[in-house]
Structure formats: C-alpha cells, structure tokens
Amino acid sequence: MLDIRLLRDDPESIKTRVKSRGGDAWTLIDEILACDEKRRAGETEKQQLQSDRNRISKEIGQLKKTGEDSSSVEAEVRKIGERIKAIGEEVDTADSRQTELLLQIPNLPHEECPVGEDETANPVIREWGKQPEFDFEPVDHVELGKRNELFDFELGARVSSSGFVTYTGMGARLERALIQFLLDLHTTAHDYREVSPPFIINRDSMFGTGQLPKFEDDMYGLEDGAFFLAPTAEVPVTNLYREQLLGIGDLPIKLTAYTPCFRREAGSAGRESRGLIRMHQFDKVELVNIVRPEDSADYLEKLTAEAETVLQKLGLHYRTIELCTGDLGFSSAKTYDIEVWAPGHGGYLEVSSCSNFFDYQSRRMKLRFKDEEGKNRFCHTLNGSGTALPRLYVAFLETYQQADGSILIPEALQPYLGTDRIGA
RNA sequence: GGAGGGGUGGCAGAGUGGUCGAAUGCGUCGGUCUUGAAAACCGAAGUGCCGCAAGGUACCGUGGGUUCGAAUCCCACCCCCUCUGCCA
C-alpha cells in the first residue's frame, strides 16, 4: 500500500509512475484524494464535537455528585451524540472507500527501473556459463521423464485434474533431493533460518503481501474465501511478522522455506506450459528478507546472488534480467528474474523472481521496527525463489541428458540422490 | 467436538461505569555514581489519526449494543490456554 501522503503531496508524478506499469489503476487516484479530503474534513469536525461531548459529560458527573438537576445538559449531549454518529458514518464510508481503492494501487516502480511495456523490454543484466553442446539431438524433459519413468501426468490427472503431476520412483527422489539440497545450501552458506509454515492461509495474510484484493481468481479458495492455498511461501513466511514491532537488533531477518505452491493459472493454458513448466501445484524453496529501509537495495543484490548460487552449484547456464516497469509484479518496486537454460526446450525458463517491495507490503501488514531514535518505521521486505523446483528440474534433466537417455548427476547432488546417474 | 479460563502498552500484569491512556515489574533510552562496566539511584518514554501549531481525538482481541459517559455492563464473532473426546 502506498503512503497516502505521497499521493497528497504530488499526485501527478505518482500517477505517471503508476501509469508506467500499464493498466488503469492510476485512474483511481483522483477518487482516493477526494475521499481523503472528505475524510479529513469530517474527522476534524467529529473530533471537535467529541471534545465538546467529553467536556459536557464531565460537567454532568459534577452536577450529579452535588445532586443538581442535569436533565437539560443531558439532552444537549444527546444531540451532540447523534451528530457525532452521523458524521462518523460519513467519515467511515470515505475511509473504507479510500482504503479499498488504495489497496488496488500497485507499488511504485523504483526510480531507476527500466521503462517498458512488456517482457521484451527487460534488459539482461548478466549471464553465467554457456549453453551446453551435445553430439546428439537433445530431447525435452517430457521425453526424458517418459524414458526414465520420472513423472506421470496421467497419474496426476487421475487423482486430481489436468495441471497436476505425480512424480514416480527416481523422479520423486530427485524432486526431494533438490529440495533438500536447496534448503541445506541456504541455511548453511547463506545464513538463512529454515521455517516450515502452514500452506492454508487466511485472508488478512493474503492482503498483507498483496495477493488480495486483486488476484483472488488466481488462487484456490477454501471455506468461501476465508482461506486460500498458499500461492507461494512468500505469503505465510512474510506474514509471520505481520503487525509486529521489531527492535533494531532483530533485523535483518532471513528466512527460507520449502512449500508447495498452488495456482489456478486461469487463462494461461497452452502458453509456455508444456510438461512441468506450468502446473497448478508445484514445489518451491523461497527466500524472504526483512530489513531496514536503507539496507534493502543491497539485500536485493545479495538475495539475487544467493538464488544464482543454486544454478552455479548445479552447473546450469542462466541469465539474469531486470523487469521493466510494464512487467513488474503488483507489489514489487524492483525485480530481477533468473532464467535457466533448458536445452531440450530450446529456451530460457524463469526459475526465480527476486523482488524488493520497499515498504509496500510492510505498510499493508503493519510490520515495523523501532529505530535508534525510538521512532517506529516500516521495514522493507524482499523475497526471491531459491528456486522454483519444476523448471529447475526441467533444466537439470535436459542439461545432463546423455545420448542413451540417462541423466548424469553432478557431484553437488550425488550425496542427496545416492547415485551418479539416473536410468540406462 | 465438549467444559472451563483468558485476550490490556515492546513483554509480563493490575484495573469491574466518570478523577483511566491506564498501576506495577521487566526491558528500552537519558543522567548520577564508577578508571570502565555491573549494581544502585534519579528521570524519560504507548500507537494511530486530525491540525502550520497550540492542541484535540481515538485506540484495552474484532464488530455491534446499553449509557449523558464504557477497558469496565450486554450480544455476536475471532484467537489463545487448561482439561476432555475422536484421531494422524
């Protein structure tokens, strides 16, 4: 949520920055400001009346004590009370409308965020490694999965529906090995604390990180929308600190978690979705940072490097891009995407999205810290995938495939898998 | 699921209709003392909103209600704890 004071102070430049993301959220800003003015004017009047009421009520107390008649004064106060109630209702209406609209305004892109309409305007920041070369025609992960019986989409559909998969045999073990490898890496080399949160999340938390109110249709709801299946561990993990007032000694907080993620992916069928690439349920290891505002820029760089380490350790070629204004997620001010090369697929796949949300999420969830001067300030929150499993899995299989269809296992993963080769 | 107890400042915990934004302790900050620290002592300090400010106002789990006036009384809901049932 944006600070209303930013909107008040310079509405035109805020509009321009919101506009740079595309979409029409900026058109709400005038109404927000109108509500704000109405609210404040009403508030002032209401408070004046409340002040009168408090004063006169005290007089009544005095009169009663001395046994004098207070009925005419009581009638006066009753009238004031009615007026307070009426104005209070107007103020509440304006206030809730203002909040409702403000929750729909996305975060401001960072000042230096590249301006552009869509993903074609995302600059590549760096690359690591090279596309592997094969002396045979590499196949894609779907084919490799079939040959080695690693996963089965029909078995996913049988017990659930399309968009779900069942991993089998060494395929299931590889999934588990990768999760274990990722958590071990982040907790030992990157100083993260591991948490294992609930996967069923309440509404307040979904508002806190910005999934609600705009993206309700993208998520699986339970109990008439009172709860949702977690679309990402970002939601439960960041919200562990919702409505908290932290001390400076508590920061930075670095948490990692493995969770399954559930997304309806409404309307995205067929597009870039072959095999495991886009599922309704997928595993992910997430990295969450909660830091002081002045540190968040540095932590985004570190966080991105931590996610990249995963691919380096596994020897997978990747590139890191920065998202332009038009491609940025709703709550994010600045985002790096890491894309891993998948030789059989013949393209790059997004395996991680690392974002700095500034105080956008912490303002929504009232996550603050007390600084040296005793002032309460909003924290900055960040998160990144470290990494998403299915696409990592895809790139892994396709990169390490052999002519006979078997998969070579790199050294880093061998202890977790108990073998140096799958298949053949 | 059932019975009982409880939700108050960063934390713990008093407070059962007006003088309560709220005792006390811990923790925090400043000071005295000390070579320095600890201890002791003195002092400061809740959060949001409105206001240029002075100041005002709201907030005692959430939402309603009673009242001239509610942390305090009533209703509903949420959460936590203890016991208990079923159960991985």
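Keep in mind the model is a prediction, meaning the values are calculated, not measured. In what follows, chains are A, B, ... by sequence order, proteins preceding strands, each numbered from 1.
- Near-neighbour residues of RNA chain B inside residues 89-105 of chain A, defined by a heavy atom below 4.0 Å, are absent.
- Under the side-chain contact (heavy atoms from CB on, under 4.5 Å) criterion, V139(A) pairs with E143(A), L144(A), R147(A), Q401(A), not counting sequence neighbours.
- For D359(A), the salt bridge (charged side-chain N to carboxylate O under 4.0 Å, His left out) partners are R363(A), not counting sequence neighbours.
- G27(B) and G36(B): their P atoms are spaced 23 Å apart (whole Å).
- Residue pairs meeting the salt bridge (Lys or Arg N to Asp or Glu O under 4.0 Å) criterion with at least one member in residues 406-417 of chain A: none, sequence neighbours excluded.
- Look at the C1' atom in both G43(B) and U47(B): the space between them is 23 Å, to the nearest Å.
- Scanning for ring-ring contact (aromatic ring centres under 6.0 Å, His included) contacts around F199(A) gives an empty result, with sequence neighbours left out.
- Residues forming a ring-ring contact (aromatic ring centres under 6.0 Å, His included) with Y167(A) (at least two apart in sequence, or on another chain): Y393(A).
- Taking L103(A) as the reference, M1(A), T99(A), F207(A), P213(A), R364(A) meet the side-chain contact (heavy atoms from CB on, under 4.5 Å) condition, with sequence neighbours excluded.
- E89(A) is linked by a salt bridge (charged side-chain N to carboxylate O under 4.0 Å, His left out) to nothing, counting only residues two or more places apart in sequence or in another chain.
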Between protein and nucleotides 51-60 of chain B, map the contacts as a letter string: B base, S sugar-phosphate only, - none, heavy atoms under 4.0 Å, written 5' to 3'. S----BSS--
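- Atom CD of E223(A) has 12 or fewer neighbouring heavy atoms from other residues, nucleotides or ligands inside a 6.0 Å radius.
- Taking F282(A) as the reference, nothing meets the ring-ring contact (aromatic ring centres under 6.0 Å, His included) condition, with sequence neighbours excluded.
- Within residues 221-231 of chain A, no residue has a heavy atom under 4.0 Å from RNA chain B.
- Contacts classified as salt bridge (Lys or Arg N to Asp or Glu O under 4.0 Å) and involving residues 245-261 of chain A (residues at least two apart or in different chains) are given here: K254(A)-E306(A).
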